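Since the structure is predicted, the reported quantities are computational estimates derived from the model, not experimental observations.
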Amino acid sequence: MSRIVRVGAAQLGPIERHHSREEVVARLVSLLQAAADDGCRLVVYPELALTTFFPRWFVDDIATADHWYETHMPNEATQPLFDEAQRLGIGFCLGYALLEHDPVGDAIRRWNVQTLVERDGSIVGTFKKVHIPGHEGHEPDRPFQHLERYYFEPSPEGFHVWDAFGGRVGMMICNDRRWPESYREMGMQGVEMILCGYNTPLHYAPDPSQDPLQGFHNALVMQSGAYQNGTFVIGVAKGGTEEGVPSLAESSIIAPSGEILASATTDGDELITADCDLDWCRQYKNTLFDMDRYRRPEVYTRLSAPPRNAP
């Protein structure tokens, strides 16, 4: 049986502060319909696809920012997306902010998540972002804030892989793609396709010398992660200038060989597609990167040890 999955990477242009969920969902549905016309079985949307990238603003009382979060999925605003996807028989992966009430006590938990939905409308799983970048406190001297560590806590669950779309599918979000452990954790679970949404500003305040390299680094980490773990990687951006902040677009679909199969050519709403033959993964998992045969975990003990400064 063929295991070819035609995938659409649904890049988004800017979402401004005043845009409603309903306006954004209409854009998501439009991209979904274009993907259906192109024969896609899976559509991947960016990180925080329902709102502007709100961690760029500091608020004294975080509760005043609760309106940026979803409390359940689907909800009234996103139900049209779920309904249209089910009607068309297309699955999708959606990034958004999630607010949960801890069942033990009164604590409120805030997460940066992606939810994967199968072609029949069933929810496969929800992934919480692991590597939270940025800073925790107000830094008014920055041209814009990057307060993800204020608005989100890191996932305690790590990386999982689900049986979906005829293969083994994993998820990661934005900064997770920069860490080789993200790919390897899923690679050890036999992942064949990793779905990654991101929002990446072109200016990196802690070290502006990296600004010209944003596109290079974005491709570097995803291509190497794909190759070293024999998996497809679908990287999907929200690009363009959003609320005055220019962001990287350059969405791409990457093969287990590390080759880019499709890439965006604009920084706005754009759909790119590719046929992903999941059996291609075996050419790398069963040869050069046969982990059972070649991997040496006995000499990798530092990987899970507490960090320390090198001598």
Side-chain angles (χ1 to χ4, degrees), residues 8-32 42-57 62-63 65-85 90-101 108-118 121-134 146-155 157 160 162 169-177 195-200 234-239 242-243 247 251 269:
Q11 178 175 285
L12 290 175
I15 298 174
E16 302 298 336
R17 196 171 189 165
H18 64 272
H19 289 159
S20 68
R21 298 286 203 288
E22 290 74 18
E23 289 176 293
V24 175
V25 169
R27 290 164 61 183
L28 302 183
V29 169
S30 178
L31 288 163
L32 187 83
L42 170 62
V43 175
V44 185
Y45 296 108
E47 174 190 30
L48 298 179
L50 297 174
T51 65
T52 195
F53 189 78
F54 60 88
R56 64 172 59 98
W57 297 298
I62 197 170
D66 285 354
H67 63 284
W68 298 120
Y69 297 78
E70 316 304 315
T71 56
H72 57 281
M73 188 61 63
N75 53 40
E76 183 177 358
T78 59
Q79 191 64 55
L81 175 64
F82 279 75
D83 291 344
E84 184 66 359
I90 300 180
F92 64 91
C93 182
L94 179 67
Y96 57 97
L98 176 66
L99 186 150
E100 288 185 324
H101 291 272
I108 292 177
R109 315 294 294 273
R110 293 177 172 84
W111 313 102
N112 187 341
V113 306
Q114 285 182 174
T115 290
L116 180 61
V117 180
E118 256 286 10
S122 62
I123 290 179
V124 176
T126 295
F127 167 77
K128 301 179 175 78
K129 188 172 182 176
V130 172
H131 300 99
I132 308 295
H146 197 155
L147 285 157
E148 282 194 65
R149 297 180 71 86
Y150 179 64
Y151 284 105
F152 303 116
E153 59 182 289
S155 170
E157 299 167 3
H160 300 284
W162 292 266
V169 182
M171 292 181 275
M172 61 185 179
I173 300 174
C174 198
N175 190 44
D176 289 330
R177 77 193 192 280
L195 315 178
C196 176
Y198 61 92
N199 282 247
T200 298
I234 318 299
V236 190
K238 191 201 298 173
E242 182 180 275
E243 294 291 340
S247 295
S251 300
D269 290 14

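- For N175 (side chain) and H131 (main-chain N/O), a donor-acceptor pair under 3.5 Å exists by modelled atom type.
- Among T78, T115, T51, the single residue meeting the side chain to side chain donor-acceptor pair (under 3.5 Å) criterion with Y96 is T115.
- To the nearest 0.5 Å, atom CG of residue N199 and atom SG of residue C174 are 6.5 Å apart.
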Side chain to side chain contact (heavy atoms under 4.5 Å, CB included) evaluation trace for V236 with Y198
CA-CA 6 Å; V236 190; Y198 61 92; 5.7 Å; no
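- The two atoms that bring P133 and R149 nearest to each other are O-CG, 3.1 Å, heavy atoms only.
- Between the R27 side chain and the V24 main chain, no donor and acceptor come within less than 3.5 Å of each other.
- For E157, the salt bridge (charged side-chain N to carboxylate O under 4.0 Å, His left out) partners are K128, not counting sequence neighbours.
- For the residue pair D269 and G13, the shortest heavy atom distance occurs at OD1-N, 2.7 Å.
- The backbone N or O of A97 lies less than 3.5 Å from no partner atom in the side chain of N112, so there is not a single donor-acceptor pair.
- Looking at residues two or more places apart in sequence or on another chain, you find no side chain to side chain donor-acceptor pair (under 3.5 Å) involving E16.
- Listed by chain and residue number, N75 satisfy the side-chain contact (heavy atoms from CB on, under 4.5 Å) test with H72 (two or more places apart in sequence, or in another chain).
- Between L32 and I90, the closest side-chain pair of non-hydrogen atoms falls below 4.5 Å.
- Of all heavy-atom pairs between V29 and L81, the closest is CG2-CA, 4.0 Å.
- Among residues two or more places apart in sequence or in another chain, the ring-ring contact (aromatic ring centres under 6.0 Å, His included) test is passed with F82 by F92.
- In this structure, F152 and P55 have side chains that are in contact, with non-hydrogen atoms separated by less than 4.5 Å.
- Residues satisfying the side chain to side chain donor-acceptor pair (under 3.5 Å) criterion with E23, sequence neighbours excluded, are S20.
- Evaluation of the side-chain contact (heavy atoms from CB on, under 4.5 Å) rule for A26 yields no partner, not counting sequence neighbours.
- Between the side chain of K238 and the backbone N or O of I15, no donor-acceptor pair lies under 3.5 Å.
- For S30, the side chain to side chain donor-acceptor pair (under 3.5 Å) criterion is met by no residue, not counting sequence neighbours.
- The side-chain heavy atoms of E70 and L99, taken from C-beta on, include no pair separated by under 4.5 Å.
- For E148, the side chain to side chain donor-acceptor pair (under 3.5 Å) partners at least two apart in sequence or on another chain are K129, H146.
- Taken to the nearest 0.5 Å, the CZ atom of R17 stands 5.5 Å off from the CH2 atom of W68.
- Partners of Y151 according to the ring-ring contact (aromatic ring centres under 6.0 Å, His included) rule, which considers only residues two or more places apart in sequence or in another chain, are F54.
- Interatomic distance, SG of C196 versus CZ of R177, reported as 5.5 Å (0.5 Å rounding).
- Side-chain contact between R56 and E243: present, with at least one pair of heavy atoms (C-beta onward) separated by less than 4.5 Å.
- In this structure, the ring-ring contact (aromatic ring centres under 6.0 Å, His included) partners of F127, at least two apart in sequence or on a different chain, are F159.
- Listed by first then second residue, pairs satisfying salt bridge (charged side-chain N to carboxylate O under 4.0 Å, His left out) with a partner in residues 108-118 read D66-R110, D102-R109, R109-E153, not counting sequence neighbours.
- Put simply, the side chain of L195 reaches to within 4.5 Å of the side chain of L116, judged on heavy atoms.
- Residues T52 and W57 meet the side-chain proximity criterion, which asks for heavy atoms closer than 4.5 Å.
- By the 4.0 Å N-to-carboxylate-O rule, E76 lies too far from R21 to be salt-bridged with it.
- Side-chain atoms of Q11 come within 3.5 Å of backbone N or O of S251 as a donor-acceptor pair.
- Using a 4.5 Å cut-off on side-chain heavy atoms (C-beta onward), I132 and P154 make contact.
- Looking at heavy atoms from C-beta onward, I108 lies out of side-chain contact with E100 at the 4.5 angstrom threshold.
- Here SG of C93 is found 10.5 Å from OH of Y45. Values are rounded to the nearest 0.5 Å.
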Going through the checks in order, is the side chain to side chain contact (heavy atoms under 4.5 Å, CB included) test met by M171 and W162?
CA-CA 9 Å; M171 292 181 275; W162 292 266; 3.5 Å; yes
For a side chain to side chain contact (heavy atoms under 4.5 Å, CB included) check, start with the C-alpha distance between L50 and V25, then their side-chain angles and the critical distance, and finish with the verdict.
CA-CA 7 Å; L50 297 174; V25 169; 4.1 Å; yes
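- Shortest non-hydrogen contact noted between P46 and A49 is O-CB, 3.4 Å.
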Could you walk me through whether L98 and T71 satisfy the side chain to side chain contact (heavy atoms under 4.5 Å, CB included) test, starting with their C-alpha distance in whole Å, then the side-chain angles of each, then the deciding distance to 0.1 Å, before giving a yes or no?
CA-CA 6 Å; L98 176 66; T71 56; 5.9 Å; no
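- To the nearest 0.5 Å, the span separating CD on E47 from CD1 on I173 amounts to 6.0 Å.
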